[in-house]
Amino acid sequence: MARAYTLDDRAGAPHRCDRAMTRLSEYLLPTEKQPPADAEAISHKLMVRAGLIRQMGAGMWSWLPAGWRVHQRAVAIIREEMDVIGGQEMLMPVLQPAEPWRKTGRLEIDELFKLTDRKGSELVLAMTHEEAVTFHVAQLVRSYRDLPLILYHFQVKERDEPRPRAGVLRTREFIMKDSYTFDRDQAGLEERYELHVGAYDRIMQRTGLRFYRVESDVGMMGGLGAHEYMAPCPAGEDQVALADGYAANVEVALKDPDVQQAGEGYTLRGQELRIEPAIEVGNIFKLGTRYSEPLGASYLDENGAEHAVWMGSYGIGPARIVAAAVEQFADEHGISWPRSLAPFAVHLVALGKPGTPERAAADELYATLREAGVEVLYDDRDLGPGEKFADAELLGCPLRLTVGRRSLQSGEIEVQRRRGREDAPAIALGGDPNALLAAVDELWQSLP
RNA sequence: CGGGGCGUGGCGCAGCCUGGUAGCGCACCUGCUUUGGGAGCAGGGGGUCGCCGGUUCGAAUCCGGCCGCCCCGACCA
């Protein structure tokens, strides 16, 4: 009866093997009726209220168990797609010697945290890992035969942000997947870049987010091209300019000669240009030799001639994906996760007092679902129905199953889809477990 | 970094103007009742009022300094 191990959120079953303890009576899910007094952004309010995150200081957040599950969902999707394009996962330190940063000229950046150890050595807390990865490649790559490479990791980034804001949307410490490509020449870089475009498109599609890939300003990086992945949402800090078949960072759009001012707004070749707030969840850059030259990352070609390695760098923030999903799909009752990101597939609500027949039926259903590997959060607390339903809608798992006295009478489990809060056809209670699981799987397929 | 605001129990707040030793709602604990949309009754626990200093017989309250947090803007490899 055990299911195959799978993370396939689009075609697969609503679960993976999951032995985590998920009885709400024993789970740390501190829900709140009221949002924090100073919260503005929807995602900030709801993620705190739903018990996903807690703040420790300005721009410093902890992920509580359910929130971390969501974060790790995003991580798993990203990891799969990076591996598909040949990425090799590794891990580099956050605490680093200042020297490589001096060489690349980035030691002067205000947002870079700098510190000194007890011996007086200068250290930094990395805000990205170009210096680290290039340092290693400079040491390890000698020949054209060693290239190309796609290296990546999920690692904490530290940034002395002048103004952290909006919960987890802009923090001073956050996890980023950053990958780095190393090629012999520009043509190779273009190839690696296109692979990332494909991977990022698939990542974004799999998260279920509404998003745009926009051309971005290469800015002071002096790079050879760059794109940003933008998720439109009310709390977004950036703006995207949109028209049919057109999406661009607003700064880029306003430099476009085809864009004309028209009264209050702008037009593109006669079309109205819409401007929407959005959050930048990912960005990709063609770096060229910006880092390889100062750090001495070079290789010898077939003729024994030395060349600088051509690099690209590619970032994506799982926390921003999570927050953007909250922003895009929340309603007045709470969060409504796309199934690929949901902390649990099924939120099972048991009504009635512990010790009653309806509780026994719910216990049995919980056991059946768990045994099958379905990720289920079981609300077995001794609380009234109102509180349980409210918490379930706040947390936003895609499917809610309810077992109460009524279910025993009708012989059916009630099912609600979180998105739209609509009832789905009830499922027979206590019959063939395989039929029950098939019904849950089928429902899962119908979800966004 | 400029402008604005706020720090009182776990959360949300009142009290401060007009100084007299802290209160409300929710949450929490115990008991009984209740159980299909955030329950009822009774009893109970928890706060150096952000920190330091000053004024005063006496400071959550007045004065000075510092720290922290939020919002708007600037910023955001």
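Per chain, numbering begins at 1; letters A, B, ... match sequence-line order. None of the values given here were measured: they were computed from a predicted structure.
- If you check distances only, the side chain of A:Thr31 never reaches the base of B:G38 with a donor-acceptor pair under 3.5 Å.
- Atom SG of A:Cys397 and atom CZ of A:Arg418 lie 10.0 Å apart (nearest 0.5 Å).
- The residue A:Gly315 sits apart from the nucleic acid: no heavy atom pair falls under 4.0 Å.
- Remark: the separation of the P atoms in B:C72 and B:U30 is 43 Å, to the nearest Å.
- Contacts of A:Ala166 with the nucleic acid, taken as non-hydrogen atoms under 4.0 Å apart, involve only primed sugar atoms and P, OP1 or OP2.
- Whole-Å rounding puts the A:Lys103 NZ to B:A77 P distance at 25 Å.
- A:Pro30 comes within 4.0 angstrom of no nucleic acid atom, judged by non-hydrogen atoms across all strands.
- Pair check for B:U35 finds none; no Watson-Crick or G-U wobble contact set falls under 3.5 Å.
- Contact annotation for A:Glu280: no contact, since no heavy-atom pair falls under 4.0 Å across all strands.
- Within a 6.0 Å sphere centred on CD of A:Glu111, heavy atoms belonging to other residues, nucleotides or ligands number more than 12.
- Residue A:Arg165 places at least one side-chain N or O under 4.0 Å from the OP1 or OP2 atom of B:C72.
- Heavy atoms from other residues, nucleotides or ligands lying under 6.0 Å from CD of A:Glu99 number more than 12.
- Contact between the side-chain N/O atoms of A:Gln55 and the OP1/OP2 oxygens of B:C70 is found at a separation under 4.0 Å.
- By the 6.0 Å contact criterion, CG on A:Asp117 is enclosed, its count of non-hydrogen atoms from other residues, nucleotides or ligands being greater than 12.
- In this structure, B:G46 forms no base pair with any nucleotide, since neither Watson-Crick nor G-U wobble geometry is met with both distances under 3.5 Å.
- In this model, a donor atom of one side chain and an acceptor atom of the other lie less than 3.5 Å apart for A:Ser25 and A:Asp380.
- Atom CD in A:Glu173 sits about 17 Å away from atom C1' in B:C76, given to the nearest Å.
- Base contact: A:Glu393 has a heavy atom under 4.0 Å from a base atom.
- A:Ala390 comes within 4.0 angstrom of a base, heavy atoms only.
- In a base pair of the Watson-Crick type (N1 to N3 plus N6-O4 or O6-N4) or a G-U wobble (N1-O2 and O6-N3), with each distance short of 3.5 Å, B:A77 is matched with no nucleotide.
- Nucleic acid contact class of A:Leu351 (heavy atoms, under 4.0 Å, all strands): base.
- Annotation: proximity of residues 319-335 of chain A to RNA chain B (heavy atom, distance under 4.0 Å) is found for no residue.
- The base-pairing partner of B:C6, taking Watson-Crick or G-U wobble contacts with both distances under 3.5 Å, is B:G68.
- Separation of the C1' atoms belonging to B:G20 and B:G15 is 14 Å when rounded to the nearest angstrom.
- Formation of a donor-acceptor pair under 3.5 Å by the A:Arg49 side chain with backbone atoms of A:Glu32 is found in this model.
- Contact annotation for A:Arg163: base contact, defined as any heavy-atom pair under 4.0 Å involving a base atom.
- Distance alone, capped at 3.5 Å, is enough to place a donor-acceptor pair between the A:Tyr299 side chain and the A:Arg184 backbone.
- Under the 4.0 Å criterion applied to side-chain N and carboxylate O atoms, A:Asp331 and A:Arg421 are not assigned as salt-bridge partners.
- Aromatic ring orientation, A:Phe154 versus A:Tyr152: perpendicular (interplanar angle above 60°, classes split at 30° and 60°).
- By the side-chain contact (heavy atoms from CB on, under 4.5 Å) test, A:Lys45 pairs with A:Pro35, A:Ala39, sequence neighbours left out.
- The nearest whole Å value for the distance from the CG atom in A:Leu383 to the P atom in B:G40 is 14 Å.
- A:Thr104 comes within contact range of no nucleotide atom at all, as no heavy-atom separation falls under 4.0 Å.
- Taking atom C1' on both nucleotides, B:C16 is separated from B:G73 by 32 Å, rounded to a whole Å.
- Residue contacts for A:Gln34: at a heavy-atom cut-off of 4.0 Å it reaches a base atom on one of the strands shown.
- Looking at heavy-atom distances under 4.0 Å, A:Arg49 makes contact with a base.
- In this entry B:C62 has B:G54 as its Watson-Crick or G-U wobble partner, both defining distances falling under 3.5 Å.
- Going from the P atom of B:A27 to that of B:C71 covers 28 Å, rounded to whole Å.
- Atom P of nucleotide B:C11 and atom CG of A:Leu29 are separated by 17 Å, given to the nearest angstrom.
- A:Glu387 has its CD atom 13 Å from the C1' atom of B:G40, to the nearest Å.
- A:Asp382 comes within contact range of at least one nucleobase, with a heavy-atom separation under 4.0 Å.
- Going from the P atom of B:A59 to that of B:A74 covers 46 Å, rounded to whole Å.
- Annotation: B:U21 and B:G64 have their P atoms spaced 26 Å apart (nearest Å).
- As judged by a 4.0 angstrom heavy-atom cut-off over every strand, A:Asp110 is placed among residues making no nucleic acid contact.
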